[in-house]
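Notes follow the structure.
A quick note: this is a predicted structure, and the numbers were derived from the prediction, not measured. Sequential numbering from 1 along the given sequence is applied to the chain's residues.
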Amino acid sequence: MMVPLNPSAKPTSQRRIAEGDTVVVYERHDAMRAVAVRAGGVLQNRFGVFRHDDWLGRPFGCKVYSTGGGGGGGRGGGKAGAGFVHLLAPTPELWTLVLSHRTQILYIADISLVVAYLELVPGCVVFESGTGSGSLTTSLARAVAPHGRVCTFDFHEQRATSAREDFERNGLSSLITVAVRDIQSEGFPEEQRGAADAVFLDLPQPWLAIPSAGITLKQDGVLCSFSPCIEQVQRACEAMRSCFTDIRTFEILLRTYEVREGALKGATDNEECNAGPLPQKRRRLLPPAKTLDGIQNSSSVMVRPCSTAKGHTGYLTFARLRVHGS
């Protein structure tokens with residue numbers, strides 16, 4: 001189960017892997033996959049063959065070795081050179097990295113800001129449109145668990161069905177309700193007037209749904225609209241001004257860094273030198289040590305931005321429902 005619904009129960013990460021569990025198989029930071037554990041099941045990848053039976057009863061986070069292809073080994077460990085993977089407990093963050101992309105999804109940087117600025121706490125009620133691949137929905141569910149609720153809408157029936165199946169598989173059905181509805185043209189259901197603490201919109205024309213969002217929100221509730229184009233943001237902000245205040249727009253640009261240790265030859269005790277191809281900032285190194293060949297080596301931690309980084313994903317616009325009479 002991705003989200004603990006019983007506060008007294010152990011989190012998934014502290015349980016032992018059982019048949020029917022979903023595990024995230026970690027090969028490396030950019031290669032992971034979600035696998036449903038079943039007796040007799042087999043996972044085969046570039047590191048070898050992994051039997052699900054060897055996973056049963058093991059703790060989440062464990063390292064398991066292949067039984068073929070990449071080498072031998074089983075429960076007790078593996079031979080030198082054997083292939084291995086780590087079995088991680090599913091979390092909303094990991095699920096975002098391994099889920100099936102039925103639509104473009106929100107990633108962790110944007111999701112973090114959404115959860116924070118929507119002021120979500122356990123017990124909140126959140127309305128979302130549209131559901132898409134369910135990346136954001138799982139994080140919303142964790143934020144409002146165990147007694148809150150996420151009502152998510154998508155106009156595409158097959159997409160809604162697939163998302164509902166994912167939520168059931170991940171044990172989130174008691175927190176998430178999935179409905180088929182075109183919020184952009186129909187608005188949120190009238191019977192839900194004043195029911196939501198927060199509303200999230202991911203629509204091509206969010207300005208069409210903003211009046212309905214205002215009716216659906218509780219007094220002082222918060223709205224967030226995600227749009228990839230600034231023209232959409234402009235029109236959405238115009239629509240918000242009639243009944244919302246504190247309107248803010250953000251663009252999250254995430255920059256990741258590579259940190260590694262490198263050896264620099266020929267450095268002396270008092271020498272300052274540049275760390276290879278890094279930005280030309282001179283830094284003093286630790287006293288070098290002599291090798292067997294008598295050549296002085298100095299190691300230094302080298303840091304630089306990763307060569308590939310995600311750029312623009314979209315704009316997040318937040319607004320607070322104006323209190324009546326203000």
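By the criterion of side-chain heavy atoms lying less than 4.5 angstrom apart, applied directly or through intervening Ile, Leu, Val, Met, Phe, Trp or Tyr residues, V126 is grouped together with I176 in one hydrophobic cluster. Linking ILVMFWY side-chain heavy atoms closer than 4.5 Å, directly or via other members, places F167 and V180 in two distinct hydrophobic clusters. I108 and L172 are not part of a single hydrophobic cluster, where members link through side-chain heavy atoms under 4.5 Å apart. Residues L316 and L118 share a single hydrophobic cluster, defined by chaining ILVMFWY side chains whose heavy atoms lie under 4.5 Å apart. Following chains of ILVMFWY side-chain contacts shorter than 4.5 Å, one can reach L94 starting from I105, so the two form part of one hydrophobic cluster.
Distance alone, capped at 3.5 Å, is enough to place a donor-acceptor pair between the T67 side chain and the V49 backbone. Judged purely by atom type and a 3.5 angstrom limit, E258 has no side-chain atom pairing as donor or acceptor with the backbone of V303. Within the 3.5 Å criterion, the main-chain N or O of I183 finds no donor-acceptor partner in the side chain of E186. A donor-acceptor pair under 3.5 Å is absent between the side-chain atoms of D110 and the main chain of L106, judged by distance alone. Although no hydrogens or angles enter the test, the distance criterion places no donor-acceptor pair under 3.5 Å between the side chain of R181 and the main chain of S129. Side-chain atoms of T138 come within 3.5 Å of backbone N or O of S135 as a donor-acceptor pair.
L140 contributes atom CG, which lies 8.0 Å from atom CD1 of I111 (distance to the nearest 0.5 angstrom). Rounded to the nearest 0.5 Å, atoms NE2 (H147) and CG (L175) are 10.0 Å apart. With rounding to the nearest 0.5 Å, the separation of OG in S225 from CG in L203 is 7.0 Å. The distance from atom CZ of F188 to atom CG of L217, rounded to the nearest 0.5 Å, is 8.5 Å. In this structure, Y107 OH and L136 CG are separated by 13.5 Å, a value rounded to the nearest 0.5 Å. Note that SG of C224 and CG of L113 are 7.5 Å apart. Values are rounded to the nearest 0.5 Å.
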Requested in this report: Please step through side chain to side chain contact (heavy atoms under 4.5 Å, CB included) for the pair E19 and H52, ending with a clear verdict.
Outcome: CA-CA 9 Å; E19 186 172 4; H52 292 199; over 6 Å; no
Requested in this report: Go through the steps for V85 and F50 under the test side chain to side chain contact (heavy atoms under 4.5 Å, CB included), then give the verdict.
Outcome: CA-CA 9 Å; V85 296; F50 298 85; 3.9 Å; yes
Requested in this report: Output, in order, the C-alpha distance, side-chain angles, deciding distance and verdict of side chain to side chain contact (heavy atoms under 4.5 Å, CB included) for E27 and R46.
Outcome: CA-CA 9 Å; E27 298 178 8; R46 56 184 170 159; 3.5 Å; yes
Report task. Report the C-alpha separation of E93 and R142 in whole Å, then their side-chain angles, then the decisive distance to 0.1 Å, and conclude whether the salt bridge (charged side-chain N to carboxylate O under 4.0 Å, His left out) test is met. Result -> CA-CA 11 Å; E93 289 77 16; R142 182 182 57 187; 2.4 Å; yes
Query - Intermediate values then yes/no, side chain to side chain contact (heavy atoms under 4.5 Å, CB included), H101 and L99 - result: CA-CA 6 Å; H101 286 210; L99 58 75; 3.5 Å; yes
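Taking both residues in full, the closest heavy atoms of A143 and V115 are given as CB-CG1, 3.9 Å, listed atom of the first, atom of the second, then distance. Scanning all heavy atoms of the two residues, the minimum distance from A236 to P206 falls at CB-CG, 4.1 Å.
A search for side chain to side chain contact (heavy atoms under 4.5 Å, CB included) contacts involving C237 returns V233, R241, I247, T249, T317, not counting sequence neighbours. In this structure, the ring-ring contact (aromatic ring centres under 6.0 Å, His included) partners of Y315, at least two apart in sequence or on a different chain, are H312. Partners of R235 by side chain to side chain donor-acceptor pair (under 3.5 Å), not counting sequence neighbours: none found. By the side chain to side chain contact (heavy atoms under 4.5 Å, CB included) test, R159 pairs with R102, T103, D154, F155, H156, sequence neighbours left out.
Residues Q219 and L321 form no side-chain contact, since every pair of their non-hydrogen atoms from C-beta on lies 4.5 Å or further apart. Residues W95 and P90 form no side-chain contact, since every pair of their non-hydrogen atoms from C-beta on lies 4.5 Å or further apart. Side-chain contact between V125 and V144: absent, with no pair of heavy atoms (C-beta onward) separated by less than 4.5 Å. A heavy-atom distance below 4.5 Å is not found between the side chains of D246 and R322. Residues V25 and W55 meet the side-chain proximity criterion, which asks for heavy atoms closer than 4.5 Å. Between F244 and V222, every side-chain heavy-atom pair lies at or beyond the 4.5 Å cut-off. Put simply, the side chain of N45 reaches to within 4.5 Å of the side chain of R33, judged on heavy atoms. Looking only at side-chain heavy atoms (C-beta outward), L223 and F318 stay at 4.5 Å or farther from each other.
With hydrogens and angles left out, the side-chain atoms of T137 and E128 include a donor and acceptor closer than 3.5 Å. Checking Y26 against R28 by side-chain atom types alone, no donor-acceptor pair falls below 3.5 Å.
Each of Q158, R164, E165 was evaluated against S162; a single residue qualifies, Q158, per the side-chain hydrogen bond (donor to acceptor under 3.5 Å, both in side chains) test.
Residue pairs meeting the salt bridge (charged side-chain N to carboxylate O under 4.0 Å, His left out) criterion with at least one partner in residues 189-214, sequence neighbours excluded, are E190-R193, D197-K218. Screening residues 220-230 for salt bridge (charged side-chain N to carboxylate O under 4.0 Å, His left out) gives D220-R320 as the qualifying pairs, with residues at least two apart or on separate chains.
Counting heavy atoms of neighbouring residues, nucleotides and ligands inside a 6.0 Å radius, atom CD of E157 does not exceed 12 of them.
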